[in-house]
There are 2 protein chains.
Amino acid sequence: MKQNNVPAASPLPPQRSGVTITDVATSAGVSVATVSRALSGNYPVAAATRERVQHAVAALGYVANAHARALAGATTRTVGIIINDVADPFFAYIARGVERQASAEGRLCLIMATHGDKERELALVDLLREQRTDAVILVGGASDDPRYRKQMADRARALDADGSVLVLCGRPSLGPNVPTKTVGYDNEGGAFAMTDYLISQGHRRILYVGGPQNFSTTAARLAGFRRALAARGIEHDPALVHEGAFGRGFGYSRMKEILATSLDFTAVFAANDMVAAGVLQALEEQGLRVPEDVSLVGYDDVPLANELRPRLTTVHVPLEDMGRESVRLALADSAHDTGASSDNTITVGTHIVLRNSVAPLAPR
Amino acid sequence: MKQNNVPAASPLPPQRSGVTITDVATSAGVSVATVSRALSGNYPVAAATRERVQHAVAALGYVANAHARALAGATTRTVGIIINDVADPFFAYIARGVERQASAEGRLCLIMATHGDKERELALVDLLREQRTDAVILVGGASDDPRYRKQMADRARALDADGSVLVLCGRPSLGPNVPTKTVGYDNEGGAFAMTDYLISQGHRRILYVGGPQNFSTTAARLAGFRRALAARGIEHDPALVHEGAFGRGFGYSRMKEILATSLDFTAVFAANDMVAAGVLQALEEQGLRVPEDVSLVGYDDVPLANELRPRLTTVHVPLEDMGRESVRLALADSAHDTGASSDNTITVGTHIVLRNSVAPLAPR
DNA sequence: TGCAAAATAGTAAACGCTTACTATGGAAGT
DNA sequence: ACTTCCATAGTAAGCGTTTACTATTTTGCA
């Protein structure tokens, strides 16, 4: 079907044929400069000329070569975003915000996934650096490995030197002298509020399940959890915290294991909603009712939370907004650096949303 | 914090400083050609020289400019993917497959969202054309508007002429003479199988809810639905099919409306799992039990299906595989065009997965 | 009626890399 | 010891745009 009647020539090399601006210029009978100007519209071109150019463009199906443009011009009109996994709702919603805002600001969006591998993350930042994106947005918690931090800091500096910017979305600063922008949310505060709510419902022995170890997000949530306990004068039992991972699978399997022991608890604080879904299944399979027998809460408030039965009480995090703010902040014209530093940090709020997975502790 | 002690110079122009290959060459005391070769490794370079180059690269934090490389070389090592919405699991899982396979084949992934706007979709294809991506993957069902089809066909040809390729993932062909590749799944067959299953359970009056009108996916699913009915000699009642949209919101609101009428049905076939979730909520609010009072099935088998209660019986579609296959197919070396056309179409299978949302119809 | 100032259009120099060609030096062959 | 070859390295010509400059018309006004 792709055959025309030309006698099959020798196997063509992968010819990147492509209509160029020169073709358009020739076809319209003007110079390439004029074509460029007629298209970008940043320089006066006579109406008649512009029209001829547009006709030629349409006739030839010309579209500019973004790479040539990026090379000659100053900006690539592209932002890069690095997330763990495209299909994980936590990241997907942030990515949606990024994509929407980028698109609203006329930018394309280069997306890459680390699959939780921090070495890969470093490599991806370099890949994005090669692309000369206007910004690179790093999403989600980070490892607290010092070597890794140093390497990332180096990249932040390189990006800055290139006129780009590294924005940390939902992840802690790389240090006071590292040129980055940050949009964060109150992880510790959300965990505090949720824990306090559980306590107010009479719970004292609260199991904390999930979140990778040595990970900023886990650390912050756990800190809020512990602070709330301390604030109410409740002794902290290390046997009740079970770090591990953020997935549904981890929630399920770890809860199964715990259920096989005789650990005593009346509520479970899952490190995020996915973990909560796994925990819920384990509880369900054990014949334990939520919230009658055990209360359960999550974190993030992804749509899934509202589909679970019982509907999950959780901490709402404005994921999409975070994505939007990240690109807004990244693209904010920090050119007029009026000494008074334009704010390089945005913090969005979290709040708990009460649904049906928590019940007051009945006196036993 | 980004302040250093240098007396604030006059407002620097947005200088895209950047270490270039020339800097590396100078620093290593070799020519740029040698640096290029040492890095790409496609031409012999003395070990000692290569080492000096690598030192210089590391010392300067050099990364190649992908745009210059794309301009000079032949490929951009980038694939583009156009989806409806980054956060919709149907698309997110396909996107995950695309991202993973692209990354496995050393490609970057440019992702864009249409928000269901077909004009925007056309514009996005052009944007990707500007980027000279090695392939552009169009995901999900398509409008059957002829004008739109023609425009898309033009773009497919342009892409083909540029040495790129348009791949249709889960969407019908643009016509016999349009150069595209396709990875599809058996929409009609899945719907047929599911409907037949419902019938085998005794259901005769099955409500079909969801799916945009004049949309390829809707048409195919509905076709399978009707064919199954016909095969069993069941009269088709037009009052039972309610097209509209693919979202949870549509499923919920339309089901509410239907429940307010006296329409008679014993099972609901939701156009996809999201719609099913909405339908389920409406049913639940009405005090109807699933599957005791009404059976419910969905389509796609996104993870949500397994979180609903009852767990949703649905049609499994290997979304991630489809994404993977799309890039595999797109990047397959169709250079050795041995007359015998290498296959430009892949079709993945679907199958129904039985869970708990369907019950045999009890004789009333 | 002239002449300066707009308004337009053209020329050509980057932008940072890849790669065909060309050059150089020593190893190998006789 | 003198060619003939390799193995390396360098030169320079693009790749398709943008944009400072420069050149040519027009237009506006005295």
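Within every chain, numbering begins at 1; the chains are lettered A, B, ... in the order of the sequence lines, protein sequences first and strands thereafter.
Summarising the geometry, the separation between CZ on B/Arg129 and C1' on D/dG16 is reported as 15 Å, rounded to the nearest angstrom. The CG atom of A/Leu39 sits 13 Å away from the P atom of C/dA9 (whole-angstrom rounding). Atom CZ in A/Arg69 sits roughly 18 Å away from atom C1' in C/dG16 (whole-Å rounding).
Listed nucleotides: C/dC17, D/dT8, D/dT18. Nearest to the side chain of A/Val32: D/dT18. When each of D/dG16, D/dT18, C/dG10 is scored by its nearest atom to the side-chain atoms of A/Leu71, the top-ranked nucleotide is D/dG16. When distances are taken from the side chain of A/Ala68 to each of C/dT11, D/dT17, D/dT11, the shortest belongs to D/dT17. Distance from the side chain of A/Asn42 is smallest to D/dT19 among D/dT19, D/dT8, C/dT18.
Between A/Val45 and A/Val30, every side-chain heavy-atom pair lies at or beyond the 4.5 Å cut-off.
In terms of phosphate contacts, A/Asn65 brings no side-chain nitrogen or oxygen within less than 4.0 Å of OP1 or OP2 of D/dC15. The side chain of A/Thr34 contributes an N or O atom lying less than 4.0 Å from OP1 or OP2 of C/dG10. Between A/Tyr62 and the phosphate of D/dT17, there is a side-chain N or O to OP1/OP2 separation shorter than 4.0 Å. Considering only side-chain N and O atoms, B/Thr20 lies nowhere under 4.0 angstrom from the phosphate OP1 or OP2 of C/dG16. Dashed line: the shortest gap from a side-chain N or O of B/Thr49 to OP1 or OP2 of D/dA9 is under 4.0 Å. Phosphate contact (OP1/OP2 of D/dT17, side-chain N/O of A/Ser36, threshold under 4.0 Å): absent.
Ranked by how close their nearest DNA chain C nucleotide is to the 5' end, B/Ala33 and B/His67 are led by B/His67.
Expressed to the nearest 0.5 Å, how far CD of A/Gln54 lies from CD of A/Glu51 amounts to 7.0 Å.
At a threshold of 4.0 angstrom between heavy atoms, the contacts of A/Ala64 are confined to the sugar-phosphate backbone, with no base atom among them. Residue A/Val30 is classed as a sugar-phosphate contact, given heavy-atom separations below 4.0 Å to backbone atoms only. Residue A/Ala46 is classed as a sugar-phosphate contact, given heavy-atom separations below 4.0 Å to backbone atoms only.
Between the side chains of A/Thr180 and A/Arg171, no donor-acceptor pair of N or O atoms lies under 3.5 Å.
For the pair B/Ser326 (side chain) and B/Met322 (backbone), a donor-acceptor distance under 3.5 Å is present.
The base of C/dG10 sits within donor-acceptor range of the side chain of A/Arg37, with an N or O pair under 3.5 Å. In terms of polar N and O atoms assigned as donor or acceptor, the side chain of A/Tyr43 never comes within less than 3.5 Å of the base of D/dA20 in a complementary pairing.
Salt bridge present: B/Arg328 and B/Glu325 bring a charged side-chain N and a carboxylate O closer than 4.0 Å.
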